[in-house]
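Scope of the values below: all heavy atoms of this structure, side chains included, with no hydrogens, waters or symmetry mates. These numbers were taken from a predicted model, which means no experiment stands behind them.
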Amino acid sequence: MSRQSNRGTESKKMNSELFTLTYGALVTQLCKDYENDEDVNKQLDKMGYNIGVRLIEDFLARSNVGRCHDFRETADVIAKVAFKMYLGITPSITNWSPAGDEFSLILENNPLVDFVELPDNHSSLIYSNLLCGVLRGALEMVQMAVDVKFTQDTLKGDSVTEIRMRFIRRIEDNLPAGEE
């Protein structure tokens with residue numbers, strides 16, 4: 001019995017490492033294709049956005065999470081359910097703004113940066129920027145416009161990785177006249 005459970009753990013670890021290495025190859029190729037880090041950052045965000053737009057359907061189907069009533073509840077679902085489901089980590093939620101429209105996700109361990117060191121000539125590269133795009137795209141599909149950006153990164157010498165999320169507005173559905 002324990003042999004079987006070890007295989008499951010080993011398989012997850014292998015899948016995680018394969019994902020990490022594949023993501024690294026993607027970022028490396030983008031660095032070769034684009035002249036500067038800012039363009040690479042934009043492409044990673046754009047790719048993440050497109051993933052998030054599609055991933056939200058899978059998330060809602062698999063998680064059985066209902067509609068969130070406020071931004072705090074949304075933060076909890078993102079940290080405790082979504083990150084756990086897709087990356088196997090649970091970031092902590094901190095630094096709420098007094099208005100309750102902004103918070104930070106602190107990732108003690110970012111699985112995307114395993115085996116990674118940024119070269120000196122890519123100091124402005126936001127290596128995990130794909131995550132910002134995923135969050136933005138997914139939340140837009142559930143009628144929330146948000147600004148998402150990295151404010152700290154362990155690849156740049158910070159002690160933790162911090163993603164800052166700011167609620168911009170609720171997106172109203174523009175249904176054709178007569179449809180509800």
Legend entry - Nearest atoms (heavy-atom pairs only) where F83 meets P91: CB-CD, 3.5 Å

Inset, instruction - Taking D158 for its side chain and D153 for its backbone only, find out whether a donor-acceptor pair lies under 3.5 Å. - result: yes

Legend entry - Side-chain touch F167/T74, heavy atoms, less than 4.5 angstrom: no

Inset, instruction - Say whether L139 and V65 are linked into one hydrophobic cluster, either directly or through other cluster members, by side-chain heavy-atom distances under 4.5 angstrom. - result: yes

Inset, instruction - Looking only at non-hydrogen atoms, find the nearest pair between S123 and D37 and report the distance. - result: N-OD2, 3.7 Å

Legend entry - Y127 side chain vs V116 backbone, donor-acceptor pair below 3.5 Å: no

Legend entry - E57 atom CD: more than 12 heavy-atom contacts under 6.0 Å: no

Legend entry - Shortest non-hydrogen contact between V53 and I56, atoms and distance: O-CG2, 3.4 Å

Legend entry - D76: which of K80, E73, R72 passes side-chain contact (heavy atoms from CB on, under 4.5 Å): K80

Inset, instruction - May I ask you to test the S92-L105 pair for a side-chain heavy-atom distance under 4.5 Å? - result: no

Inset, instruction - Verify the cluster assignment for W96 and I106: are they in a single hydrophobic cluster under the rule of side-chain heavy atoms below 4.5 Å apart? - result: no

Inset, instruction - Evaluate the side-chain proximity of S104 to M165: yes if any heavy-atom separation is below 4.5 Å, no if none is. - result: no

Legend entry - Heavy-atom check, side chain of T161 versus side chain of N109, under 4.5 Å: no

Legend entry - Least distance between heavy atoms, L26 atom then M47 atom: CD1-CE, 3.5 Å

Legend entry - Co-membership, hydrophobic cluster, residues M144 and M141, 4.5 Å side-chain: yes

Inset, instruction - Measure the OG1-CD distance between T151 and E162 for me, rounded to the nearest 0.5 Å. - result: 3.0 Å

Inset, instruction - Supply the atom-to-atom distance T28 OG1 to L21 CG, rounded to the nearest 0.5 angstrom. - result: 10.5 Å

Inset, instruction - Any chance you could lay out the side chain to side chain donor-acceptor pair (under 3.5 Å) test for Q29 and D33, step after step, and finish with the verdict? - result: CA-CA 6 Å; Q29 188 59 51; D33 291 348; 2.9 Å; yes

Legend entry - S97 side chain to D101 backbone, donor-acceptor under 3.5 Å: yes

Inset, instruction - State whether D147 and R164 are salt-bridged, where the test is any N-O pair (Lys NZ or Arg NE/NH1/NH2 against Asp/Glu carboxylate O) under 4.0 Å. - result: no

Inset, instruction - Using the rule that two of Ile, Leu, Val, Met, Phe, Trp, Tyr join whenever any of their side-chain heavy atoms come within less than 4.5 Å, decide whether L131 and M85 are in one cluster. - result: yes

Inset, instruction - Using a 4.5 Å cut-off on heavy atoms from C-beta on, say whether the side chain of L135 contacts that of Y49. - result: no

Legend entry - Side chain K84, main chain I78, donor-acceptor under 3.5 Å: no

Inset, instruction - For the pair I168 and V146, evaluate side chain to side chain contact (heavy atoms under 4.5 Å, CB included) and give the outcome as yes or no after the intermediate values. - result: CA-CA 5 Å; I168 299 172; V146 294; 5.5 Å; no

Legend entry - Test item: N41 side-chain N/O and S124 main-chain N/O as donor-acceptor pair under 3.5 Å: yes

Legend entry - For S128 against Y23, the heavy-atom pair lying closest together: CA-OH, 3.6 Å

Inset, instruction - Answer yes if I89 and I51 sit in the same cluster of Ile, Leu, Val, Met, Phe, Trp and Tyr residues linked by side chain heavy atoms under 4.5 Å apart, and no otherwise. - result: yes

Legend entry - Any V134 side-chain heavy atom under 4.5 Å of Y86 side chain: no

Legend entry - Contact check, side chains of V142 and L60, non-hydrogen atoms, under 4.5 Å: yes

Legend entry - From CG (N129) to NZ (K46), nearest 0.5 Å: 14.0 Å

Inset, instruction - Can you see which heavy atom on N36 is nearest to which on D39, and at what distance? - result: OD1-N, 2.8 Å

Legend entry - S159 side chain to T154 backbone, donor-acceptor under 3.5 Å: no

Inset, instruction - Give the C-alpha distance, both sets of side-chain angles, the deciding distance and a yes or no for side chain to side chain contact (heavy atoms under 4.5 Å, CB included) between L44 and L30. - result: CA-CA 8 Å; L44 288 170; L30 287 173; 3.6 Å; yes

Inset, instruction - Taking the side chain as every heavy atom from C-beta outward, state whether E172 and Q143 have any pair of such atoms under 4.5 Å apart. - result: no

